[in-house]
Amino acid sequence: QVQVVLSGGGLVQAGGSLRLSCAASGRTFSPYFMGWFRQAPGKAREFVASISWSGTSTGYADSVKGRFTISRDNGKNTVYLQMNSLKPEDTAVYYCAAGGGRGSYYYTGSRDDYDYWGQGTQVTVSS
């Protein structure tokens, strides 16, 4: 079993920054790709960013390109989401997820490809 645990999140003013962390532990399956998703009230969960096991391949939703950066430290089994220039519309519960069995360079925005999900953390951006 793989556990995915998030940290970070909170309240920030528009234009500010936050960093989310996501640690995978337990019976980790390498290579595994990681992704961030978010869900605003009354809306479906949507893709934010994804990164391959190698760290060399990344993908972003159009709404966060140029503002958010996903990275990982495999020595710490941790993935990060640096969020800059935050907007009120970024307010949501953010989720981290992990998936495996696709090689070292795979990343995806498809929720169905992920096997393990973290508990979610609230990010609130005030105007």
Side-chain angles (χ1 to χ4, degrees):
Q1 188 70 16
V2 175
Q3 292 80 43
V4 179
V5 179
L6 284 76
S7 60
L11 174 65
V12 64
Q13 289 187 332
S17 299
L18 281 175
R19 189 176 82 158
L20 305 181
S21 299
C22 174
S25 63
R27 192 176 177 182
T28 55
F29 49 104
S30 60
Y32 57 94
F33 53 93
M34 300 288 289
W36 290 95
F37 292 77
R38 67 186 182 186
Q39 188 167 16
K43 295 187 178 181
R45 191 172 299 188
E46 63 176 6
F47 168 70
V48 175
S50 178
I51 188 167
S52 63
W53 164 256
S54 67
T56 57
S57 301
T58 58
Y60 296 91
D62 289 342
S63 59
V64 305
K65 280 182 182 176
R67 300 188 298 121
F68 291 13
T69 301
I70 188 171
S71 61
R72 67 188 298 161
D73 182 343
N74 288 344
K76 298 180 179 179
N77 288 330
T78 300
V79 173
Y80 306 96
L81 185 67
Q82 178 66 44
M83 305 184 292
N84 298 328
S85 302
L86 283 161
K87 303 175 181 180
E89 50 263 45
D90 294 317
T91 295
V93 176
Y94 283 70
Y95 297 89
C96 178
R102 303 292 185 102
S104 299
Y105 303 99
Y106 184 81
Y107 68 96
T108 180
S110 173
R111 290 175 51 187
D112 292 341
D113 285 357
Y114 291 87
D115 303 295
Y116 299 97
W117 291 80
Q119 77 281 12
T121 188
Q122 178 70 45
V123 171
T124 302
V125 184
S126 62
S127 57

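Positions are given from 1, in the same order as the sequence printed here.
With rounding to the nearest 0.5 Å, the separation of CD in Q122 from OG1 in T91 is 7.0 Å. Taken to the nearest 0.5 Å, the CE atom of M34 stands 11.5 Å off from the OG atom of S71. Taking CZ of R67 as the start and CD of Q82 as the end, the distance is 12.0 Å to the nearest 0.5 Å. One finds the CD1 atom of I51 at 7.0 Å from the OH atom of Y60 (value rounded to the nearest 0.5 Å).
In this structure, T78 and S21 approach most closely via the heavy-atom pair CG2-CB, 4.3 Å. The minimum heavy-atom distance linking A14 with S127 is given by the pair CB-CA, 4.3 Å.
Side-chain contact check for V125 versus K87: every heavy-atom pair is 4.5 Å or farther apart. The closest side-chain heavy-atom distance from Q13 to L86 is not below 4.5 Å. Between W36 and V79, the closest side-chain pair of non-hydrogen atoms falls below 4.5 Å. You'll find the side chain of T121 reaches within 4.5 Å of the side chain of Y94, heavy atoms only. When side chains are defined from C-beta on, Y80 counts as touching D73, because their heavy atoms get closer than 4.5 Å.
Between Y32 and the choices D115, N74, N77, the side-chain hydrogen bond (donor to acceptor under 3.5 Å, both in side chains) rule is met once, by N77.
Residue pairs meeting the salt bridge (Lys or Arg N to Asp or Glu O under 4.0 Å) criterion with at least one member in residues 30-44, sequence neighbours excluded: R38-E46, R38-D90. The stretch residues 47-89 participates, sequence neighbours left out, in no disulfide bond (SG atoms under 2.5 Å apart) pair at all. Here disulfide bond (SG atoms under 2.5 Å apart) pairs that include residues 75-127, with residues two or more places apart or in two chains, are C22-C96. Residue pairs meeting the salt bridge (Lys or Arg N to Asp or Glu O under 4.0 Å) criterion with at least one member in residues 103-113, sequence neighbours excluded, are R102-D113.
For F37, the ring pair (Phe, Tyr, Trp, His ring centres under 6.0 Å) partners at least two apart in sequence or on another chain are F47, Y114, W117. Listed by chain and residue number, F33 satisfy the ring pair (Phe, Tyr, Trp, His ring centres under 6.0 Å) test with Y106 (two or more places apart in sequence, or in another chain).
Between the side chains of T56 and S54, at least one donor N or O lies within less than 3.5 Å of an accepting N or O.
No continuous path of ILVMFWY side-chain contacts below 4.5 Å connects Y107 to I70, so the two sit in separate hydrophobic clusters. Taking hydrophobic clusters as Ile, Leu, Val, Met, Phe, Trp and Tyr residues chained together by side-chain heavy-atom distances below 4.5 Å, V12 shares a cluster with L81.
In this structure a side-chain-to-backbone donor-acceptor pair under 3.5 Å is present from S52 to S57. A donor-acceptor contact shorter than 3.5 Å is absent between the side chain of S50 and the backbone of T58. Under the 3.5 Å distance criterion, the side-chain polar atoms of S110 are left unmatched by any main-chain donor or acceptor of T108.
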